[in-house]
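Right, one structure below, let's go through it.
The model shown is predicted, which means the values in this text are computed figures rather than measured ones. What you see below is based on every heavy atom in this structure, not just the backbone, and it leaves out hydrogens, waters and symmetry mates.
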Amino acid sequence: MKIMNAGTFTAQREDHTVGNVIRMQLHRDRSVLFAGYKLPHPLEYKIIVKIQTTSQSSPMQAYNLALNDLDKELEHLKRAFEAEISHKQNEYY
């Protein structure tokens, strides 16, 4: 059965860690009606992400937006961490 505005994406060499983060990021998007993922088999190192959106967006747009937002958040976290490490190192010298 074909579902409108639904898509399935496969991420190779990923597991529950990345799958859950992507799913949670997709749930932040108001145009996403459903977002879930599964690991097909414990010995297969991939996740399958399923997304359904409203008519205002497409699953591909939602997926790309989620990945871009996660990239920005992780870059911000990295910069904050490096700044804190630099600050702590300066205190010791």
Output for pair (Ile48 CD1, Leu39 CG), nearest 0.5 Å, gives 8.5 Å
| field | Shared hydrophobic cluster, Met60 / Leu70 (ILVMFWY, side-chain heavy atoms < 4.5 Å) | value | yes
Exercise for review: Output, in order, the C-alpha distance, side-chain angles, deciding distance and verdict of side-chain contact (heavy atoms from CB on, under 4.5 Å) for Gln25 and Val21.
Suggested key: CA-CA 6 Å; Gln25 187 68 32; Val21 170; 5.5 Å; no
Residues 67-76 vs side-chain hydrogen bond (donor to acceptor under 3.5 Å, both in side chains), sequence neighbours excluded, gives Arg28-Glu73
The side chain to side chain donor-acceptor pair (under 3.5 Å) partners of Gln56 (sequence neighbours excluded) come to Thr54
Salt bridge (Lys or Arg N to Asp or Glu O under 4.0 Å) pairs touching residues 6-20, sequence neighbours excluded, are none
So CD of Gln52 and CG of Leu33: to nearest 0.5 Å the spacing works out to 5.0 Å
So CZ of Arg79 and CG of Leu74: to nearest 0.5 Å the spacing works out to 11.0 Å
In this structure, OG of Ser57 is separated from CZ of Arg30 (nearest 0.5 Å) by 14.0 Å
Inset, instruction - Give the C-alpha distance, both sets of side-chain angles, the deciding distance and a yes or no for side-chain contact (heavy atoms from CB on, under 4.5 Å) between Val49 and Arg23. - result: CA-CA 8 Å; Val49 180; Arg23 181 185 63 83; over 6 Å; no
Residue pairs passing the ring pair (Phe, Tyr, Trp, His ring centres under 6.0 Å) test with at least one member in residues 42-62, sequence neighbours excluded, are none
Residue pairs passing the ring pair (Phe, Tyr, Trp, His ring centres under 6.0 Å) test with at least one member in residues 2-27, sequence neighbours excluded, are Phe9-Tyr63, His16-Tyr37
Side-chain donor or acceptor of Glu84 paired with backbone N/O of Phe81 under 3.5 Å = no
Closest heavy-atom pair, Asn5 versus Pro59, reported as atoms and distance to 0.1 Å, is O-CG, 3.4 Å
Residues passing the salt bridge (charged side-chain N to carboxylate O under 4.0 Å, His left out) test with Lys46, sequence neighbours excluded, are Glu44
Interatomic distance, CG@Leu26 vs CG@Leu67, rounded to 0.5 Å, equals 7.5 Å
